[in-house]
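What follows is a short report on a single structure.
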2 protein chains.
Amino acid sequence: MHTLSRKQREIQQREQQILAMARPMLVRDGYAGLSMDRLAVEMEYAKGTLYNHFPNKEEIVAALALESLELRRQMFEQASTLSDNSRKRMMAIGAACEKYAIECQQHFAVELMLRNAIIWEKASEQRQQLIRTCELRAMGVVAGVVRDAVALGDLHLPEMTPEEFVFGFWSLTFGSHVLIASSPSLPDIGVNQPVRSIRYHGWTLMNGYGWQPLMSFEESDRCMHDLAERISIGVQH
Amino acid sequence: MHTLSRKQREIQQREQQILAMARPMLVRDGYAGLSMDRLAVEMEYAKGTLYNHFPNKEEIVAALALESLELRRQMFEQASTLSDNSRKRMMAIGAACEKYAIECQQHFAVELMLRNAIIWEKASEQRQQLIRTCELRAMGVVAGVVRDAVALGDLHLPEMTPEEFVFGFWSLTFGSHVLIASSPSLPDIGVNQPVRSIRYHGWTLMNGYGWQPLMSFEESDRCMHDLAERISIGVQH
DNA sequence: GACACTTTGTGACGCGACGTCAATAATTGA
DNA sequence: TCAATTATTGACGTCGCGTCACAAAGTGTC
């Protein structure tokens, strides 16, 4: 009984160890560069043992992506509590997106891999469900901020669900950071300050919807900066 | 001399034939599913012959992506000529983005592959240059519309280059279509009409910048629809 | 402590994919 | 016609994924 639980704990821990070992390989060498053989060698276990924990390589990547997604969700949740002002709450989430994409580049990159059909489809149904749930919760946090803003009268939604409203900001920040991360040289095409320009677009978009309280871009920018500093990057358990 | 040129023409043609054969495989089976062995078999040439034309698999993918990018650029150029009204010219480009991402899904998907570091880095310097040039030209078309709008007094740019201004709209449409294409079920998260909602966000963003002439969303939506119909999907030579 | 039984670990193997290269065939020019 | 150049071929080396028959370790009972 005692040894049994020790053995079982050992096995459970190993799952985390595998992921901890795989993450840097995945980040450094990309999806194709993550090799089950090398991973097994570095873990000092046989390949078969890895396959006792994960049915295939994609499942490992999906597990890592879920961890990253969890981190982002955490950051969103924290960000949503940093102000009473509804508009600033939304800005805080924007700041979280920025911080995640820039300071947690690796996590952003790993999360992005899930959007590859091959990886998504080979992941287990169960893991897919966990991921969907996590994404749903992240969306819930942001949509909640929007709902609160509407309830407070700070924002009037046109014929659109709060989620569709959020979708616009999501596309804006997501799209920009994908472009930033994958366009070797935006400056060469004339985009010198991509991050600042996206802040400006976000600010303008909020103005376009008349989200109260209005504020100058300078104030908004300063505010984003302060909010970003107050968002902590959660620790993986 | 006569036979020489015939042989040479045959070889040049073959490059196109390879690409024409590779595209459906790439679209159907994804990057990993495109196999040089199978491609060689289907072409009824030996694998070595393929490698006389393309130094590696990535170069084939990059060549296909360049074709797709060219198509998009063409569509942008045509779109930019469909109206005299500066705001509608920008809307036409938005319509082109929509049409490209939805009706030319395969092209959009192939173009997206270029954003994978592994593919980009293994492509030849020369092909990279062609791609960069094409992207630059596409950006030039859109930035040109913005510059014209400013010159006409329809739009006042804040402290931002036209390219940075475009970058916002680019992020919005690009991001949304990546999300649409790769999120199995946006409706499950409450996003029921993603395309329409992005049109609305785009409209709001333009309003936020005070882009003249202002118009109701209904009119704008109708206009986008009409413009989209007038954009033709270019033919690959 | 011995013994049957279950769980866990192992790595050689099959398969398929990429890219190479020495040998072969075709083409060219004189 | 024939040598020289160019194009084509496909077997081969290497690597990676995932499997599976076998070995080892752990577990519970007498």
Side-chain angles (χ1 to χ4, degrees), chain A residues 1-18 21-22 25-26 28-64 113 116-124 127, chain B residues 1-18 21-22 25-26 28-64 113 116-124 127:
Chain A
M1 173 98 19
H2 200 238
T3 33
L4 169 99
S5 74
R6 188 176 64 191
K7 181 70 180 174
Q8 285 188 333
R9 259 180 297 151
E10 189 195 321
I11 291 180
Q12 282 203 325
Q13 272 198 310
R14 196 160 50 217
E15 195 152 312
Q16 282 307 314
Q17 289 170 3
I18 293 172
M21 207 103 202
M25 291 178 70
L26 183 62
R28 213 186 40 247
D29 308 325
Y31 172 71
L34 172 62
S35 145
M36 296 299 276
D37 290 72
R38 282 200 298 137
L39 184 55
V41 169
E42 294 206 22
M43 288 288 300
E44 295 183 299
Y45 278 111
K47 207 162 33 146
T49 304
L50 293 191
Y51 281 92
N52 277 351
H53 291 273
F54 299 95
N56 50 49
K57 188 169 122 171
E58 286 76 14
E59 186 76 11
I60 292 182
V61 176
L64 289 171
M113 293 184 190
N116 187 308
I118 286 138
I119 296 180
W120 176 255
E121 284 159 13
K122 289 195 74 174
S124 65
R127 186 93 51 186
Chain B
M1 172 98 21
H2 200 237
T3 34
L4 169 98
S5 74
R6 188 175 64 192
K7 179 72 181 172
Q8 285 188 334
R9 259 179 297 150
E10 189 194 320
I11 291 180
Q12 283 203 324
Q13 271 198 311
R14 197 159 50 218
E15 194 151 313
Q16 282 307 312
Q17 289 170 3
I18 293 171
M21 206 101 200
M25 293 178 69
L26 183 62
R28 213 185 40 248
D29 308 325
Y31 171 71
L34 172 62
S35 145
M36 297 299 275
D37 290 74
R38 282 200 298 136
L39 184 55
V41 170
E42 293 207 23
M43 288 288 300
E44 296 183 296
Y45 279 111
K47 209 161 32 143
T49 304
L50 294 192
Y51 281 92
N52 276 352
H53 292 272
F54 300 94
N56 50 47
K57 187 168 124 173
E58 287 76 15
E59 186 77 10
I60 291 183
V61 176
L64 288 171
M113 293 185 190
N116 187 307
I118 286 139
I119 296 180
W120 176 256
E121 283 160 12
K122 288 194 75 175
S124 66
R127 186 95 49 186

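Order of the sequence lines fixes the chain letters, A, B, ..., with proteins taken first and strands second; residue numbering starts at 1 for each chain. On a predicted model such as this, the values are computed, not experimentally measured, just so you know.
- Counting only residues at least two apart or on different chains, the salt bridge (Lys or Arg N to Asp or Glu O under 4.0 Å) pairs with a member in residues 42-55 of chain B are B:Asp37-B:Lys47.
- Distance alone, capped at 3.5 Å, places no donor-acceptor pair between the A:Lys57 side chain and the A:Met36 backbone.
- A:Arg28 contributes no side-chain N or O that, together with a main-chain N or O of A:Gly33, makes up a donor-acceptor pair within less than 3.5 Å.
- Residues meeting the side-chain contact (heavy atoms from CB on, under 4.5 Å) test with A:Glu15, sequence neighbours left out: A:His53, A:Phe54.
- Atom CD of B:Gln17 is surrounded by more than 12 heavy atoms from other residues, nucleotides or ligands within 6.0 Å.
- Sorted by residue number, the members of residues 49-59 of chain A with any non-hydrogen atom under 4.0 Å from DNA chain D read A:Tyr51, A:Asn56, A:Lys57, A:Glu58.
- Note on the helix from C:dG1-D:dC30 to C:dA30-D:dT1: angle between the axes of the first and last five pairs equals 10°, rounded to 10 degrees.
- Within residues 33-44 of chain B, the residues approached by DNA chain C to less than 4.0 Å at the level of any non-hydrogen atom are B:Leu34, B:Ser35, B:Met36, B:Asp37, in residue-number order.
- Place B:Arg14 and A:Tyr31 on DNA chain D by their nearest nucleotides, and B:Arg14 ends up nearer the 5' end.
- For the pair B:Lys47 NZ and C:dG16 P, the computed distance is 13 Å after rounding to whole Å.
- Between the CZ atom of A:Arg9 and the P atom of D:dG26 there is a distance of 15 Å, given to the nearest Å.
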Nucleotides 23-26 of chain C: which of its N/O atoms have a protein N/O under 3.5 Å away?
none

